[in-house]
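Scroll down for the structure; my scribbles are underneath it.
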Amino acid sequence: MYGKARRRGIRGRVEFAALAVARYGVRVCDISRLLDKQPNSVTRWLNHGLRLERDDPGLENLLAWINAANSRRS
């Protein structure tokens, strides 16, 4: 249905939303304003990301790695 590049872009938005909101407490409305997207789109990405994080250990590990890498930079 979707091309490979489009699926990667969608997956990236989902991962970004899950990381930004769930791990760093960034507000959905702030992300939507920054990306010029509707808040309901960002909420959809977040919900999808939270489901994936629960069901896909690979995503959970990726988000933990990004979080750790970001913490070392501070």
Side-chain angles (χ1 to χ4, degrees):
M1 177 181 226
Y2 294 118
K4 214 183 261 190
R6 180 169 166 95
R7 282 193 306 270
R8 278 194 308 262
I10 292 169
R11 177 74 180 223
R13 284 180 269 193
V14 165
E15 292 169 356
F16 170 72
L19 185 67
V21 175
R23 304 255 175 150
Y24 292 109
V26 178
R27 295 176 18 196
V28 167
C29 61
D30 292 337
I31 294 171
S32 68
R33 218 175 298 117
L34 175 71
L35 299 178
D36 196 30
K37 297 291 184 182
Q38 294 295 318
N40 61 346
S41 295
V42 177
T43 300
R44 192 172 55 250
W45 303 340
L46 172 62
N47 290 334
H48 186 83
L50 293 175
R51 278 192 306 275
L52 279 177
E53 187 176 10
R54 182 191 66 219
D55 299 339
D56 179 359
L59 178 60
E60 183 179 353
N61 293 338
L62 173 65
L63 295 178
W65 179 82
I66 292 170
N67 191 42
N70 189 50
S71 294
R72 285 192 300 268
R73 297 179 100 205
S74 301

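Source: prediction; values computed, not measured. Just so you know, these numbers use all the heavy atoms, side chains as well, and skip hydrogens, waters and symmetry mates.
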Set of salt bridge (Lys or Arg N to Asp or Glu O under 4.0 Å) partners for R51, sequence neighbours left out: none
Partners of V28 by side-chain contact (heavy atoms from CB on, under 4.5 Å), sequence neighbours excluded? V21, P39, V42, T43, L46
As an exercise, state the distance from CD1 of I31 to OG of S41, rounded to the nearest 0.5 Å. 12.0 Å
Residues forming a side-chain hydrogen bond (donor to acceptor under 3.5 Å, both in side chains) with R33, sequence neighbours excluded: D30
Please list, chain by chain and in numerical order, all residues satisfying side-chain hydrogen bond (donor to acceptor under 3.5 Å, both in side chains) with N61, sequence neighbours excluded. none
Which residue pairs pass the salt bridge (Lys or Arg N to Asp or Glu O under 4.0 Å) test when at least one of the two sits in residues 12-25, sequence neighbours left out? R11-E15, R23-E53
Quick one: CG on L52 to CH2 on W45, what's the gap to the nearest 0.5 Å? 14.5 Å
Where is the tightest heavy-atom contact between L50 and A22, given as atom of each residue plus distance? CD2-CB, 3.9 Å
